[in-house]
> 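Handing you this structure, nothing more for now.
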Amino acid sequence: MSSLSPTPPPGWSAADLATLAELAETFVRGGSVRRAKLAAEGLSKAADPAQVRQLRLVLRLLESRLANLLVTGRPVAFRDRTPADRERVLLGWASSRLALRRSAFQAFRKLLTFLAYADPGPPGVANPLQAAIGYVPDRPPVTPHPSAIRPLDIHGAGPGASGDTGDPVTLEADVVVVGSGAGGGVIAAELTRAGRSVVVVEAGPFLDEGHLPTDEMDAYDRIYLNHGLLTTWDGAITMLAGSAVGGGTLVNWMTSIVVPDDVRADWARDHGLAGIDDTAFDDDVARIEHELGVAPSTVIPPKDGVILRGAAALGWDAAPIRRNATDCGDCGSCPFGCPRGTKQSTMRVHLAAATAGGARIVDRARVTRVFVEHGRAAGVEAELLVVDAASGQPPADGGGDPLHPRTRRLIVRAPQVVLAAGALRTPAVLLGSGVDHPAIGRHLRLHPVPLIAGIFDDPIDMWRGTMQAARSLQFSRPDGWRNGYVIESAPGHPGLIALALPWEGTDAHAELLGGIRRVAPLIAICRDGGEGRIRLTGSGQVRIDYRLDGRGVATLRHALVSMAGIARAAGARRMLAAGTPPRWHGRTGFAPGSEARSFAVFEDALRSFDFSPNRGSVFSAHQMGSVRMGAPIDHPCDPEGRVRVSGGAVIAGLYVGDGSLFPTGIGVNPMITIMALARRVARTVEAEGRPAG
């Protein structure tokens, strides 16, 4: 989404773009033509073709006089309506009883408001909206000691390379690791340390500290999964996931919390993970934390001070967060990668150790299947991006659709394959490989997250300073009717803020964003709140479905009440619960002596907040459990991470080593737990790969 083509993307007409621009102008005034083109290109790159066709159909229905007569009672096309009337049409879709209308509204609303505030502007022209809300991005210095990692230079076109035809690039290794994030990095380091020949294959790009994105839109476009446009199929849950060398550890907020003891006990008791609740796992966690330099936050920005101050006033637990970073806390660039090199990501720690020991890394190569021959793994096949040797970018003559660059086949032959592509992509690779265990892709957990925005008198500047510096574990344990959750802050930059906060009309949204410097967003990382499924679409892309259950909804509502209590105790003069529609407290102020009564009414409303799809806002940055491990054969992986087929037999040499393995959600940030489980899997891979005798 960082550059614009002079022509509409394939499949988009000039009329489609014109209507999209009218929608963009209704959501946020100004720059609507540019934003429409950016939106169309983003959807063409990131969304499934079936979803794009459906959204283009919605645009045409908006301009259909007959459709408008049936929906609104007036045969007036969207383009012929007044601005106020256009707002009414969109708000009608937002509150519609029909789930498909709500889904279409949210898809356009999220994308077009995000672009309005995330786009830095065309070359030489700054985005005036960013200046209007007081947003000044940080420009931290670049470390003089950049990462020593250098991926293999194998991206040239080669003779006859086009699509998935032509001569493949072929590599050989003892082990191929698919994915370079929290799990893949640890496994690559452990196996290299044991003397194994390792190739790591990563779908995203490698970016050293001097070439990381410096603005929000570029970051989402280049180093996030689906170019940052990642949602459930119905658009109800907005998700974030890293897609670059280093995976989620490159872009995460570094919150390092160990899986709760009661979850470990459940995994051992109900899922047969022997040793997960004893000192062996404790030792793995301690080793990981030592390697990452995990330590308590020393800089507490205002948004995190809200948690500490509010929890103290209520007598609740709260403390500084432990995180994998050193000598930082004065910039907010973590979601774009860390140019200072202070974030101890997998790229800086485990992948650095692996490459120093001889591991080879291939970036920009999306694995599509595992070779299984005679009942055992034999390697992987991937689509390797073709790039120009001089620029490192896809060739200018690209051939065909510029939004879908040319690739060639990569084959890595190895007797052991470890899938660590994340809980959304690992099951997709297994499904694409024909592995027939019926539970692959099922039992997806997302850690559903609700949002309370507290509005204060003093500046908060949520995008600056330590990304997450405090947490409350007051409600981390489940009870008889709800799951546990952890209260944290949400350090948004303008695009993510605009997407997350409600839209109640053009002026109302502009006013809300205009005061964003004084907003402290609080989120709750909720344990299992339902269940989802990963499937492959007809076009080969990944479809994500997820539904909250009754216990999950009860947890989200309880969390809203708790976060509202913290915000109020910390001095918030107004607050809102994010949703469509939102729920406000103190929006227009209070009559003398009425605040307490008003807050009681607000709490009651939160206890019944509507979390049906595309009503209550739900977010997630943690995906888990889609290839869960356990002793029962209905788990696709055994307790050591070996992949099973239907009936329970394992495929020799095939393993999973990422958050897909979690038998359940854990209710805390998962990085440390993924890494500890990866050490467990690495021991199995190493033992089974030793030469006989």
Side-chain angles (χ1 to χ4, degrees), residues 1-4 17-18 20-43 83-84 86-87 90-91 94 105-139 213-222 224 227-229 238 240 303 331-333 335-336 451 453 455 459-464 490-521 576 578 580 582 617:
M1 292 184 289
S2 56
S3 61
L4 284 173
L17 290 183
L20 195 53
E22 291 160 355
L23 279 176
E25 186 71 15
T26 306
F27 284 119
V28 180
R29 293 189 186 93
S32 57
V33 172
R34 173 179 169 83
R35 211 178 329 145
K37 292 180 180 178
L38 288 169
E41 290 190 0
L43 289 169
R86 290 180 181 182
E87 284 189 40
L90 293 181
L91 290 170
F105 167 81
Q106 295 292 359
F108 287 123
R109 193 270 301 175
K110 292 176 182 178
L111 177 57
L112 293 170
T113 57
F114 168 82
L115 290 172
Y117 287 91
D119 179 13
V125 181
N127 183 348
L129 291 173
Q130 293 186 354
I133 65 175
Y135 175 73
V136 179
D138 292 309
R139 293 288 184 262
T214 58
D215 67 75
E216 187 179 17
M217 194 167 78
D218 189 31
Y220 284 121
D221 187 30
R222 288 202 285 157
Y224 281 79
H227 305 278
L229 305 180
T238 300
L240 294 175
K303 63 180 171 44
C331 84
S333 297
F336 314 154
L451 171 66
I455 303 173
I460 298 290
D461 290 346
M462 70 176 84
W463 52 80
R464 178 156 293 125
H493 287 257
L496 186 60
I497 297 167
L499 174 156
L501 293 181
W503 188 88
E504 299 179 274
T506 314
D507 291 336
H509 190 261
E511 181 182 1
L512 182 58
L513 269 290
I516 202 63
R517 291 193 62 202
R518 299 187 303 278
V519 170
L576 67 86
T580 304
S617 295

> Minimum heavy-atom separation for L112 and A39, please, with both atom names.
CD2-CB, 3.8 Å
> Report yes if some heavy atom in the side chain of E216 is under 4.5 Å from a heavy atom in the side chain of L496; otherwise report no.
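They are in contact (side-chain heavy atoms under 4.5 Å apart), so the answer is yes.
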> For residues I133 and R517, determine if any side-chain heavy atom of one lies less than 4.5 Å from a side-chain heavy atom of the other.
no
> Donor-acceptor check, side chain of D119 to backbone of G121, threshold 3.5 angstrom: yes or no?
yes
> Check whether any side-chain N or O of R29 sits under 3.5 Å from a backbone N or O of A510 as a donor-acceptor pair, and report yes or no.
no
> Quick one: pull up CD1 in I455 and CD1 in I460 and give me the separation to the nearest 0.5 Å.
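Answer rounded to 0.5 Å: 11.0 Å.
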> If you measure from CG on L499 to CZ on R109, what distance do you get to the nearest 0.5 Å?
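Interatomic distance, L499 CG to R109 CZ, rounded to 0.5 Å: 6.0 Å.
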> Do you know the tightest heavy-atom contact between A490 and P521?
O-CG, 2.8 Å
> Do T214 and D218 come within less than 4.5 Å of each other through their side chains, counting heavy atoms only?
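Counting from C-beta outward, T214 and D218 never come under 4.5 Å.
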> Answer yes or no: is there a donor N or O on one side and an acceptor on the other, between the side chain of N127 and the main chain of A116, under 3.5 Å?
yes
> Nearest 0.5 Å please: distance from the CG atom of D221 over to the CG atom of L229.
8.5 Å
> Check step by step if side chain to side chain contact (heavy atoms under 4.5 Å, CB included) holds for L240 and Y220.
CA-CA 9 Å; L240 294 175; Y220 284 121; 3.5 Å; yes
> Can you see which heavy atom on T580 is nearest to which on A94, and at what distance?
CG2-CB, 3.6 Å
> Taking all atoms of both residues into account, what is the closest heavy-atom pair of A578 and A500, and its distance?
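Of all heavy-atom pairs spanning A578 and A500, the closest is CB-O, 3.9 Å.
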> So, taking the atom named CG in D215 and the one named NE2 in H493, what distance separates them when rounded to the nearest 0.5 Å?
10.5 Å
> Measuring from atom OG of S333 to atom CZ of R464, what distance do you get when rounded to the nearest 0.5 angstrom?
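Output value for this atom pair is 9.5 Å.
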> Between Y135 and Y117, is the ring-ring contact (aromatic ring centres under 6.0 Å, His included) condition met? List the steps.
CA-CA 10 Å; Y135 175 73; Y117 287 91; 9.9 Å; no
> Taking side chain as C-beta onward, heavy atoms only, is I516 less than 4.5 Å from M462?
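A side-chain contact under 4.5 Å exists here.
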> Within the 4.5 Å heavy-atom criterion, are V136 and D461 side-chain neighbours or not?
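With C-beta onward as the side chain, the pair stays apart.
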> Just so I know, are the side chains of L111 and L38 near enough to count as touching, which here means a heavy-atom distance under 4.5 Å?
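In short, these two side chains do not touch, never coming nearer than 4.5 Å.
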> Report yes or no: does T506 contribute a side-chain atom to a donor-acceptor pair with the main-chain N or O of T26 at less than 3.5 Å?
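Yes; judged by distance alone, with no hydrogens or angles, the pair exists.
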> Taking all heavy atoms of P502 and all of L576, pick out the closest pair and write down the distance.
CD-CD1, 3.9 Å
> Would you mind reporting whether L90 and W503 have side-chain heavy atoms less than 4.5 Å apart?
yes
> Identify the heavy atoms of P335 and Y224 that sit nearest to each other, and give their distance.
O-OH, 2.7 Å
> With a 4.5 Å heavy-atom cut-off, do R35 and F114 have their side chains touching?
no
> Got a second to check how far M217's CE is from H227's NE2, nearest 0.5 Å?
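The distance works out to 12.5 Å.
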